[in-house]
Amino acid sequence: MKASCFHLITLKETPVEAEIISHQLMLRAGLIRRLASGIYSWMPLGLRVLRKVENIVREEMNKSGALELLMPSVQPAELWQESGRWDQFGPELLRFHDRHQRDCCLGPTHEEVIADIFRRDIKSYKQLPVNFYQIQTKFRDEIRPRFGVMRSREFIMKDAYSFHVNQESLQQTYDLMYQTYSNIFDRFGLAYRAVNADSGSIGGSTSNEFHVLADSGEDAIAFSDQSDYAANVEMAAAISPQSERGQPEAELETIDTPGLHTIEDLAGKLDIDVKKCLKTLIVDSDDDGLVALVLRGDHELNPLKAERLPGVASPLQMADREKIKTILGNDIGSLGPIGLDIPTFVDNSASFVSDFICGANVNDQHLINANWGRDCDEPETVDIRNVQEGDPSPDGQGSLKILRGIEVGHIFQLGQKYSVAMQATVLDENGKSVATTMGCYGIGVTRVVAAAIEQNNDDRGIYWPDSLAPFHLAICPLNYHKSDDVKNTADQLYQDCLQRGIEVLLDDRPVRPGVMFSDMELIGVPHRIVLSDRGLKAEQFEYKGRRDEESQDINLTELSEFLDKLFN
RNA sequence: CGGGGUGUAGCGCAGCCUGGUAGCGCAACUGCUUUGGGAGCAGUGGGUCGGGAGUUCGAAUCUCUCCACCCCGACCA
């Protein structure tokens with residue numbers, strides 16, 4: 001490709017709408033253009049990257065034996081009513097009707113459609129297992145789309161759905177998909193981690209997420225420093241480093257704490273360790289009342305764990321302040337587990353604290369030297385906190401480290417949730433009709449592009465891994481339009497590269513060298529060759545890798561050999 | 001959904017308080033010079049000032065209203 005014929009449009013200044021680095025660079029490098037909130041066009045340069053991602057996914061999925069198909073984005077309401085999700089799905093599902101007033105939606109995912117295809121075509125266990133996939137546009141009407149294509153409303157996803165006659169068969173395909181995903185992310189050339197995960201609203205039991213590691217990632221993932229344990233922080237079981245409670249050493253006292261509402265205020269003012277403070281969170285119960293959750297001062301509540309507790313409203317809802325005042329008689333900020341007359345759950349770690357400080361359930365008063373068992377009943381202990389760096393690994397090996405990641409892949413064992421609802425059945429070897437067992441496997445194709453940038457950028461712009469780069473090699477001829485020597489050499493090199501199948505961008509624009517260099521660095525071309533009169537006189541060309549500190553001068557006679565080495 | 005903010009040339013912004021010819025930088029176009037790190041000079045084009053209504057002799061500016069977009073929040077216990 002010649003730069004003069006390519007739609008290469010770069011910005012020096014960062015558009016204000018972009019907050020995170022990948023979004024900024026995607027706009028500056030001209031990969032995408034925004035059309036509406038959360039809706040983007042993929043420009044020629046961006047599309048080249050997107051296709052790289054798609055092709056790697058497609059090749060590896062095909063290799064695994066999965067079959068590609070393509071389902072519609074517009075789907076009839078009937079299917080969604082059948083699965084029950086027409087009502088379950090909130091406003092995220094974009095609904096509309098056609099000219100005949102038939103209800104339709106834009107597909108946020110395709111379980112219903114694939115189940116419908118399945119039940120029409122597949123009648124026998126002999127046709128199983130089978131794994132269908134597509135690379136297709138999804139629409140989810142997010143409350144707040146942000147971060148460019150990282151969380152957009154319209155996006156491209158690879159979604160696969162497998163069907164089985166039993167759990168063993170599902171497990172085999174699930175394991176195969178796990179391996180296939182690992183192969184895919186290896187080929188992307190990105191640092192990633194597979195973790196145990198919550199299956200969320202999709203349903204089902206076992207699930208794993210694949211995260212591209214990046215400090216700016218929205219998810220925290222916990223992994224052991226000594227084993228292969230890795231889980232989303234939402235999922236990781238919290239184990240207290242402490243295993244028993246100390247003996248009470250002091251008498252219970254009530255102290256006045258006017259104006260001290262937060263744990264930080266309290267610990268700071270009284271000069272005590274936040275770990276000695278307990279915080280009491282009040283959430284709605286499932287019968288319009290309240291439930292108290294008690295945590296150590298330095299710990300964070302894990303909402304997913306909490307909403308699974310008996311009697312707690314799901315989804316978890318922090319209680320309204322007025323309601324707390326009405327039922328408990330005092331304000332938040334002075335609450336504590338002692339003498340609290342509502343169902344109370346205490347986090348394991350909090351139950352190990354002795355001589356603790358907590359709210360006195362009287363405004364502007366706290367209790368000090370409080371103790372479980374002595375000053376109130378022994379607590380009902382549960383795991384409701386997020387793990388922290390340094391906690392013991394749940395598998396008993398090593399301790400946990402925390403990294404941030406961007407979720408780009410997720411695989412689930414769905415079981416029979418959809419097949420029962422949609423009557424997707426087959427005849428088994430006994431001639432009996434059984435609901436098929438399903439798995440589903442997603443990769444956020446457009447998100448992979450953003451995640452790759454989020455992980456691979458510097459102050460000059462993007463640096464693509466070779467596998468995702470829109471072009472592999474940039475040829476920058478200096479004085480191309482004045483020097484016949486430079487022009488001829490550059491043209492010849494360009495033709496040579498094309499014949500070798502190298503994806504090459506010849507910068508034949510009549511611009512100054514600095515413009516070429518900064519553009520090629522911004523768009524992230526991994527390799528660059530500079531040709532100049534000065535170099536040619538010395539019978540040399542210059543090479544620089546995108547991440548190299550220094551360029552190197554190489555004899556022209558070695559050019560062919562050099563290209564062989566670089567691109568084979 | 002709640003709160004905050006912003007809409008002026010393709011991009012980044014000033015002008016608004018105190019109403020009176022719509023500006024600056026980048027980008028684009030033309031010409032000359034320059035040619036190893038986002039060049040210099042000279043010139044050119046490009047705007048229903050987000051939409052509508054109102055006040056006024058006169059509105060980018062004041063008032064009302066609608067729309068769009070951005071950010072924050074849903075953990076003070």
Side-chain angles (χ1 to χ4, degrees), chain A residues 8-20 23-24 27-28 30 33-39 90-91 142-148 257 259-267 277-284 290-303 306 315-321 323-325 328 330-337 340 342 344 350 357-361 363-364 366 384-386 460-461 476-483 486 507 509-522 528 530-536 541-542 544 551 553:
Chain A
L8 189 63
I9 295 185
T10 57
L11 302 176
K12 273 193 220 176
E13 287 170 293
T14 304
V16 280
E17 70 199 66
E19 201 193 351
I20 61 169
H23 188 197
Q24 293 172 353
L27 291 172
R28 283 190 53 207
R33 290 285 178 251
R34 193 181 69 87
L35 177 64
S37 176
I39 301 181
E142 297 272 355
I143 301 178
R144 184 147 83 93
R146 51 184 149 171
F147 306 147
T257 51
L260 301 182
H261 299 308
T262 69
I263 294 288
E264 288 72 31
D265 288 348
L266 200 61
C277 300
L278 299 191
K279 58 180 172 186
T280 305
L281 309 180
I282 308 296
V283 299
D284 286 340
L290 299 176
V291 175
L293 306 173
V294 179
L295 291 160
R296 214 169 73 185
D298 59 324
H299 285 153
E300 281 188 348
L301 178 69
N302 178 315
L316 191 75
Q317 181 67 45
M318 299 307 291
D320 182 79
R321 291 173 189 215
K323 188 171 166 189
I324 292 173
K325 183 144 192 177
L328 298 179
N330 64 312
D331 288 312
I332 56 176
S334 300
L335 293 173
L340 196 60
I342 53 174
T344 302
I357 292 88
C358 64
N361 297 320
N363 275 353
D364 294 329
H366 279 77
I384 48 171
R385 71 175 173 95
N386 282 336
R460 294 177 170 183
C476 297
L478 307 189
N479 229 0
Y480 183 84
H481 294 271
K482 291 274 177 67
S483 163
V486 168
D507 199 342
R509 299 174 299 170
V511 294
R512 296 166 60 88
V515 177
M516 286 186 202
F517 297 156
S518 39
D519 275 348
M520 294 305 121
E521 284 165 346
L522 175 62
R528 182 184 84 189
V530 177
L531 296 169
S532 67
D533 278 318
R534 196 177 73 194
L536 292 180
F541 67 95
E542 177 194 295
K544 185 167 178 296
S551 60
D553 293 319

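Each chain gets a letter, A, B and so on, in the order its sequence line appears, and its residues count up from 1. Atoms considered below: every heavy atom in the structure, side chains included; atoms not considered: hydrogens, waters and symmetry mates.
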Checklist line | 5' priority, RNA chain B, between A:Pro145 and A:Leu301 [closest heavy atom] | finding: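 Nearer the 5' end of the strand: A:Pro145.
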
Item checked: 5' priority, RNA chain B, between A:Pro15 and A:Arg34 [closest heavy atom] -> A:Pro15

Taking [M] as the reference, what is the distance to [N] when you measure between their [atom1] atoms (whole Å, please)?
N     : M     : atom1 : result
B:G3  : B:G12 : P     : 28 Å
B:C75 : B:G7  : P     : 32 Å
B:U61 : B:C1  : C1'   : 34 Å
B:C49 : B:A59 : C1'   : 11 Å
B:C62 : B:U18 : C1'   : 11 Å
B:A9  : B:G54 : C1'   : 28 Å
B:C67 : B:C26 : P     : 39 Å

Distance check needed: [N] [atom2] versus [X] [atom1], whole Å only.
X        : N     : atom1 : atom2 : value
A:Asp553 : B:G36 : CG    : C1'   : 12 Å
A:Arg28  : B:G38 : CZ    : P     : 14 Å
A:Lys544 : B:G36 : NZ    : P     : 18 Å
A:Glu300 : B:A74 : CD    : P     : 11 Å
A:Arg509 : B:G36 : CZ    : P     : 17 Å
A:Leu11  : B:C13 : CG    : C1'   : 15 Å
A:Leu522 : B:G37 : CG    : P     : 18 Å
A:Leu531 : B:U35 : CG    : P     : 19 Å

Check: Stepwise, does the side chain to side chain contact (heavy atoms under 4.5 Å, CB included) test hold for A:Leu328 with A:Leu340?
Finding: CA-CA 8 Å; A:Leu328 298 179; A:Leu340 196 60; 4.0 Å; yes

Donor-acceptor contact present, side-chain [X] to main-chain [Y], <3.5 Å:
X        : Y        : result
A:Ser334 : A:Asp364 : yes
A:Thr344 : A:Ile342 : yes
A:Arg28  : A:Leu11  : yes
A:Lys279 : A:His299 : yes

Is [X] side chain donor-acceptor paired with the [N] base, going by distance under 3.5 Å alone?
X        : N     : result
A:Arg528 : B:G37 : yes
A:Asp519 : B:G38 : yes
A:Arg146 : B:G73 : no
A:Ser532 : B:G36 : yes

Base-pairing assignment for [N] (Watson-Crick or G-U wobble, both under 3.5 Å):
N     : answer
B:G47 : none
B:C16 : none
B:A27 : none
B:C69 : B:G5
B:C64 : B:G52
B:G58 : none
B:U34 : none

Heavy atoms under 4.0 Å, any strand shown: does [X] hit a base, just sugar-phosphate, or nothing?
X        : answer
A:Leu295 : nothing
A:Val16  : sugar-phosphate
A:Glu521 : base
A:Ser334 : nothing

Margin query: Using the side-chain heavy atoms of A:Glu13, tell me which of these nucleotides is nearest: B:G12, B:G37, B:G38.
Written below: B:G12

Notebook entry, point to check: What closest approach, in Å, do A:Pro477 and A:Val486 show between heavy atoms, and which atom pair accounts for it?
Noted result: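 Closest pair (atom of A:Pro477, atom of A:Val486, distance): CB-CG1, 3.6 Å.
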
Notebook entry, point to check: So does A:Lys12 get a side-chain nitrogen or oxygen closer than 4.0 Å to the phosphate oxygens (OP1/OP2) of B:A27?
Noted result: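 Answer is yes, contact under 4.0 Å.
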
Notebook entry, point to check: Quick one: is A:Ser37 getting a side-chain N or O under 4.0 Å of the B:C70 phosphate, OP1 or OP2?
Noted result: yes

